[in-house]
Number of protein chains: 2
Amino acid sequence: MAIADRSALLDLLSRSPLFRGLPGEDLSALAGIVVPRVVAKGEPVFLEGAPSEGFFLVFVGKVKIVKLSPAGKEQTLHVHGRGEPFAEAALEEGARYPATAIAVDDSRVVLVPRREFQRLLAKRPAIATNLIARLSQRIRQLVALVEDLALREAPARLARYLLDLAGEGAEAGAAVMLPIRKVELAALLGTRQETLSRALRKLADRRVIRVRGAKVTLLDPNRLADLAAGETADL
Amino acid sequence: MAIADRSALLDLLSRSPLFRGLPGEDLSALAGIVVPRVVAKGEPVFLEGAPSEGFFLVFVGKVKIVKLSPAGKEQTLHVHGRGEPFAEAALEEGARYPATAIAVDDSRVVLVPRREFQRLLAKRPAIATNLIARLSQRIRQLVALVEDLALREAPARLARYLLDLAGEGAEAGAAVMLPIRKVELAALLGTRQETLSRALRKLADRRVIRVRGAKVTLLDPNRLADLAAGETADL
DNA sequence: CGTAGACTTGACGGCATTCAAATTGCGTGG
DNA sequence: CCACGCAATTTGAATGCCGTCAAGTCTACG
């Protein structure tokens, strides 16, 4: 990795939720340990079932974590952007990756090797705390996904996603840009692009949102929240 | 709690995945800190959204973790039996329970209060390691559930569950007892009792299993594994 | 034996998937 | 600046799994 990247790397590490607040010497040591990798769009970072080498951080680009069925269907568990760690759940001795990671765009990631990380973990209990917090958060995300899949219909999932994207204080008229292609979004919402398209249409027809390509305007956030909550009441 | 229970409590704690290997003095301290609770069948241990008091261990009985929709639908995330900890993901300051816990049978649980636990956690790094392992395992379970919901049809989910229950080396003719009522199992598999009933029937008709009440005999584990993997090929 | 709870079966409808085809968006070469 | 072509997205029509509603059956147990 070029010299010019080293400071960027240090910056990345220091901002990561896992290493936040770590002394400079540790960050420096980490920067020396970490293994950079380039991954082209559509290529895997690792495959489900492969023995864990460690966990990763997204340096540039986007990486999705997916489950694939033999029948070729795909469910996205999460899409990670710059600075985010992934595969932190596969850190134990002999662990295997429980899902596949694929680059959504041309990306650069860094591998934090398992052994070295464990050594650091033993030395710095603060990292354990951060890791526990991170794992707990991931559990909450997965619980929310299960809730979506089991308890909500496609339009309601979309509504919840849009509200999530807009953040808490979503005013009427607020606009959001979809950060991923619609096929990817469909996979994340547990459906197909066709169904997503129809769901967008449905909300747009009811003047709850307006869609212009990847730009979605929230015309009526309150109604959107109702729909997200599972209100079925059609117009 | 009666004196006679104290040794049972210590036994429970020492066998718990979180506290395994802890020095006797810590276990003793824990036993003094822990808060016993009796919960009748169908009653909640805690409700989704309530501020976390800490996490729990099942002493006697069974507790299910569920997500409820406004429409009244229910998805079970997990069913915990004797000795198992639950709600370990809600340990942070100000955390709220991300799902509801309900006793499936008349049960006794013990609460491990958040503050006290955190104090112990700071003192014994080994617990942090155990906790990380536990959270990672929970993540894998949830990923498996998502996979089921998104990628498999009801009969395939049932097949996977039965294989899970039978364990790795499932011989033809091996029998398993369903540990929970069929309504509960249906909720865990993300479906209804009617659908579960039909799925059992389907597998039985094909001579893959035999069902006698709660006893299920695996007549053809290989075929069952194929079905679990998503093979659709009907008879 | 009778009752309550657990489970099964049948009929019907809906949401989402699948297959197929049309349409739009957009980067690139002319 | 515009046309071409691929990729992304949308739309339409048919099918299917599963959920709902409503009876019916089984079984443990008093």
Side-chain angles (χ1 to χ4, degrees), chain A residues 40-42 69 71-75 104-106 148-159 177-205 209-216 227 230-235, chain B residues 40-42 62 68-76 104-106 148-159 177-205 209-216 227 230-235:
Chain A
K41 170 176 172 177
S69 81
K73 294 214 305 190
E74 171 177 333
Q75 170 68 48
V104 173
D105 298 327
D106 289 336
D148 257 13
L149 293 174
L151 269 24
R152 277 194 256 265
E153 311 176 336
R157 291 178 215 168
L158 172 60
M177 293 298 294
L178 300 180
I180 49 181
R181 278 179 289 279
K182 287 177 184 171
V183 213
E184 303 293 349
L185 178 54
L188 184 61
L189 296 181
T191 184
R192 297 310 180 123
Q193 53 179 337
E194 293 97 322
T195 303
L196 171 59
S197 183
R198 289 185 246 267
L200 281 165
R201 190 72 146 73
K202 192 168 177 178
L203 295 184
D205 283 351
I209 62 175
R210 183 173 37 191
V211 185
R212 289 283 176 280
K215 180 181 171 188
V216 178
L227 291 167
E231 161 175 340
T232 306
D234 292 14
L235 260 209
Chain B
K41 170 176 172 177
K62 285 191 175 60
L68 302 169
S69 83
K73 294 212 306 186
E74 170 178 334
Q75 171 68 49
T76 298
V104 173
D105 299 327
D106 290 336
D148 258 11
L149 292 173
L151 268 23
R152 277 195 257 265
E153 310 177 337
R157 292 178 215 170
L158 171 60
M177 292 298 295
L178 300 180
I180 50 182
R181 279 179 288 276
K182 287 177 184 171
V183 213
E184 303 293 349
L185 178 54
L188 184 60
L189 297 180
T191 184
R192 295 312 176 126
Q193 53 178 335
E194 293 97 323
T195 301
L196 171 59
S197 184
R198 290 186 246 267
L200 282 164
R201 188 73 146 72
K202 192 167 176 178
L203 296 185
D205 283 351
I209 62 176
R210 181 172 38 191
V211 184
R212 288 284 176 278
K215 179 180 172 188
V216 178
L227 291 167
E231 160 175 343
T232 305
D234 291 15
L235 262 210

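Each chain gets a letter, A, B and so on, in the order its sequence line appears, and its residues count up from 1.
Whole-Å rounding puts the B:R212 CZ to C:dT8 P distance at 12 Å. Rounded to whole angstrom, the span from the CZ atom of A:R152 across to the P atom of C:dC15 amounts to 17 Å. The nearest whole Å value for the distance from the CG atom in B:L203 to the C1' atom in C:dT8 is 16 Å. Look at CG on B:L158: it is 11 Å from P on C:dT8, rounded to the nearest Å. Residue A:L189 contributes atom CG, which lies 11 Å from atom P of C:dT17 at whole-angstrom precision. Counting to the nearest Å, the P atom of D:dT20 and the CD atom of B:E74 are 12 Å from each other. Across the protein-nucleic acid pair, B:L227 atom CG and D:dC17 atom P stand 14 Å apart, rounded to whole Å. In this entry the distance linking CG of B:L185 with P of C:dT8 reads 11 Å, nearest Å.
In this structure, A:K182 and A:Q193 have side chains that are not in contact, with every pair of non-hydrogen atoms separated by 4.5 Å or more. Inter-residue side-chain proximity for B:V211 and B:I209 is flagged as met; some heavy-atom pair is nearer than 4.5 Å.
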Letter by letter from the 5' end, nucleotides 9-15 of chain D scores (B base, S sugar-phosphate only, - none; protein heavy atoms under 4.0 Å) BBBBB--
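Between atom CG of residue B:L200 and atom CG of residue B:L158 there is a gap of 5.0 Å, rounded to the nearest 0.5 Å. Here the CG-CG distance, from B:D148 to A:L149, works out to 11.0 Å after rounding to the nearest 0.5 Å. The line from CD1 of B:I180 to NZ of B:K62 is 8.5 Å long, rounded to the nearest 0.5 Å.
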Look for any protein N or O under 3.5 Å of an N or O in nucleotides 27-30 of chain D and output each such pair with its distance, or none.
none

Using the 3.5 Å cut-off, write out each protein N or O paired with an N or O of nucleotides 21-26 of chain C and the distance between them.
none

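B:S69 and A:L151 make their closest contact through CB-CG, 3.6 Å (heavy atoms, listed as atom of the first residue, atom of the second, distance). Between A:L196 and A:A186, the closest heavy-atom pair is CD2-N, 3.8 Å.
Nearest nucleotide to the side chain of B:R192, out of D:dT20, C:dT18, C:dA6: D:dT20.
Applying the salt bridge (charged side-chain N to carboxylate O under 4.0 Å, His left out) definition to pairs two or more places apart or across chains, none involves residues 185-200 of chain A.
For A:K41, the side-chain contact (heavy atoms from CB on, under 4.5 Å) partners at least two apart in sequence or on another chain are A:D106, A:R181. In this structure, A:R210 has no salt bridge (charged side-chain N to carboxylate O under 4.0 Å, His left out) partners at least two apart in sequence or on a different chain.
B:Q75 contributes no side-chain N or O that, together with a main-chain N or O of B:L68, makes up a donor-acceptor pair within less than 3.5 Å.
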